Structure formats: C-alpha cells, structure tokens
Amino acid sequence: MSTTQSERLRELLEPLVTSQGLDLEEIAVESVGRKRVLRVVVDSDTGADLDQIADASRALSAKLDETDAMGEGEYTLEVGTPGAERPLTEHRHYVRAVDRLVKFQLAEGGELVARILKVDDNGLDLEVPGVKGRKATSRRLGFPEIDKARVQVEFSRKDSKDNKDEKEEEA
C-alpha cells in the first residue's frame with residue numbers, strides 16, 4: 001500500500017474510529033488472490049469488545065462505500081484488535097500493558113522479560129521475575145533504552161490481580 005493511500009485512509013477513518021471511543025492502531029491493505037483485504041486494527045484503554053468492533057466496522061464500511069478511497073475493485077474489510085502478543089510502540093500501549101509480562105529488546109543489545117508495574121512520561125518501573133527460586137527484582141527502564149517491546153502471553157499466573165481480588169473477596 002502506498003504511503004499516500006495509507007495516509008488518505010487514516011485521515012478518512014480515524015475520526016470515525018475516534019467517535020466510537022476507540023484508537024486507530026493500524027491500517028493495512030493486502031492482496032489475497034484477486035481480492036484485496038483492508039485490515040483495520042482498533043483498541044482502547046479498556047479494550048474493545050465485540051459490540052464496539054461491530055459498530056466500528058459498520059461505520060467504516062459505510063464511509064468507505066460513499067468514497068473512492070479503496071478504488072473500484074472488490075475488497076474485504078476486517079476490523080479487529082491488536083491481539084495478545086501485540087508490539088508496544090506508543091506510550092498508550094505501555095499504559096495499557098501495566099501488570100502484563102513484556103519482552104523487551106534493549107537498544108544496547110540483549111533482551112529482558114519483565115512485568116510493567118508503572119508507566120510515566122520517561123519510562124517504566126518493572127518487576128523482573130526471579131530465576132531458580134530467587135526473588136523478583138525491581139528495575140527502571142527509560143523509553144530510550146527500549147528498541148522493541150512485545151506483550152507475552154501468560155497461560156497461568158499464580159499471583160495475578162484476579163486471584164488476589166478473589167482471595168480478598170473470600171476473606
């Protein structure tokens with residue numbers, strides 16, 4: 001997709017996505033055989049539920065139908081969320097990932113897996129899990145020190161917020 005088309009689509013669609021209470025995270029047009037697929041990724045601080053995604057999809061579809069932004073050929077519109085292992089590229093992504101385990105590629109080389117505890121304008125307060133029975137340690141990481149970051153999927157976490165809340169309710 002050309003930068004010009006991407007910019008045109010973003011300018012056209014972002015106000016609609018914002019009016020739905022969502023952030024426009026990504027736009028991609030891909031060719032799949034003879035058809036094209038327009039993928040629109042949306043999110044919000046509280047996450048996007050299926051009803052919000054459906055509402056956004058209907059609004060975007062109507063707007064695209066009344067313009068020639070996608071040209072004459074057929075295309076399929078897909079609207080979704082970033083997914084579980086999303087890359088963190090914006091400040092708001094880090095804020096949304098508080099209490100999540102993240103794999104960081106460090107600017108000076110190497111990598112670090114840690115849980116985000118707090119985010120401010122300059123960087124992150126992290127909890128680095130202990131290895132081989134050792135206790136977790138705290139670490140501060142400034143945004144300039146981060147080359148890439150991606151949320152990690154956790155299937156079972158012994159001390160998750162939900163478990164703490166459940167235990168407190170039982171007491």
Side-chain angles (χ1 to χ4, degrees), residues 1-116 119 123-124 126 129 141 143-157 160-162:
M1 174 166 70
S2 71
T3 303
T4 306
Q5 184 183 22
S6 175
E7 289 170 357
R8 281 183 43 213
L9 285 169
R10 183 169 284 279
E11 287 174 13
L12 179 69
L13 302 180
E14 194 158 29
L16 282 171
V17 171
T18 302
S19 73
Q20 301 287 323
L22 301 168
D23 294 319
L24 179 59
E25 297 292 351
E26 184 181 327
I27 295 176
V29 176
E30 298 173 9
S31 295
V32 179
R34 293 180 182 211
K35 291 189 177 183
R36 293 174 298 148
V37 177
L38 171 58
R39 288 192 174 88
V40 178
V41 178
V42 298
D43 202 5
S44 77
D45 289 343
T46 57
D49 64 30
L50 289 176
D51 290 334
Q52 286 177 300
I53 292 170
D55 291 345
S57 182
R58 283 188 289 273
L60 296 176
S61 180
K63 187 66 167 181
L64 289 165
D65 287 348
E66 70 185 39
T67 69
D68 68 344
M70 287 298 294
E72 292 295 314
E74 288 185 29
Y75 68 92
T76 301
L77 172 64
E78 293 180 1
V79 180
T81 58
E85 291 188 351
R86 72 167 314 154
L88 306 177
T89 57
E90 304 282 337
H91 186 272
R92 68 178 179 265
H93 299 164
Y94 290 96
V95 171
R96 292 173 185 163
V98 167
D99 201 40
R100 301 287 306 271
L101 197 63
V102 175
K103 182 177 186 178
F104 298 94
Q105 298 292 325
L106 303 176
E108 292 184 5
E111 60 185 44
L112 171 69
V113 176
R115 188 168 311 284
I116 298 177
V119 180
L124 315 167
L126 305 173
L141 194 59
F143 288 117
E145 298 175 75
I146 302 169
D147 187 35
K148 294 180 184 176
R150 184 177 293 275
V151 171
Q152 301 296 286
V153 173
E154 294 180 271
F155 292 106
S156 62
R157 180 174 166 205
S160 73
K161 262 187 183 176
D162 295 335

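Nothing here was measured: the structure is a model prediction, and the numbers come from that model. Both backbone and side-chain heavy atoms feed into the values below; hydrogens, waters and symmetry mates do not.
- Within the 4.5 Å cutoff, no side-chain heavy atoms of Phe104 are placed close to those of Glu145.
- Rounding to the nearest 0.5 Å gives a distance of 10.0 Å between CZ of Arg150 and OG1 of Thr89.
- A distance-only check finds no donor-acceptor pair linking the side chain of Glu66 to the backbone of Leu64 [under 3.5 Å].
- To the nearest 0.5 angstrom, His93 atom NE2 is 10.0 Å from Asp45 atom CG.
- Contact annotation: the side chain of Val151 never approaches that of Pro82 to less than 4.5 Å [non-hydrogen atoms, C-beta and beyond].
- The closest side-chain heavy-atom distance from Leu9 to Val40 is not below 4.5 Å.
- Counting only heavy atoms from C-beta outward, the side chains of Asp23 and Glu90 never approach each other to under 4.5 Å.
- Pairs passing the side-chain hydrogen bond (donor to acceptor under 3.5 Å, both in side chains) check and including a residue from residues 27-38, sequence neighbours excluded, read Glu30-Arg39.
- The shortest distance between side-chain heavy atoms of Val79 and Leu77 falls below 4.5 Å.
- Put simply, the side chain of Gln52 gets close to the backbone of Asp49: a donor and an acceptor are under 3.5 Å apart.
- Between Glu154 and Arg115 there is a salt bridge, since a side-chain N of the basic residue sits under 4.0 Å from a carboxylate O of the acidic one.
- In this structure, Met70 and Val29 have side chains that are in contact, with non-hydrogen atoms separated by less than 4.5 Å.
- Using a 4.5 Å heavy-atom threshold, the side chains of Arg92 and Glu25 count as touching.
- Residues Ile146 and Leu88 are not in side-chain contact: their nearest non-hydrogen atoms beyond the backbone lie 4.5 Å or more apart.
- A distance-only check finds a donor-acceptor pair linking the side chain of Ser19 to the backbone of Leu16 [under 3.5 Å].
- Atom CG of Leu22 and atom CD of Glu14 lie 11.5 Å apart (nearest 0.5 Å).
- Arg100 contributes no side-chain N or O that, together with a main-chain N or O of Ile116, makes up a donor-acceptor pair within less than 3.5 Å.
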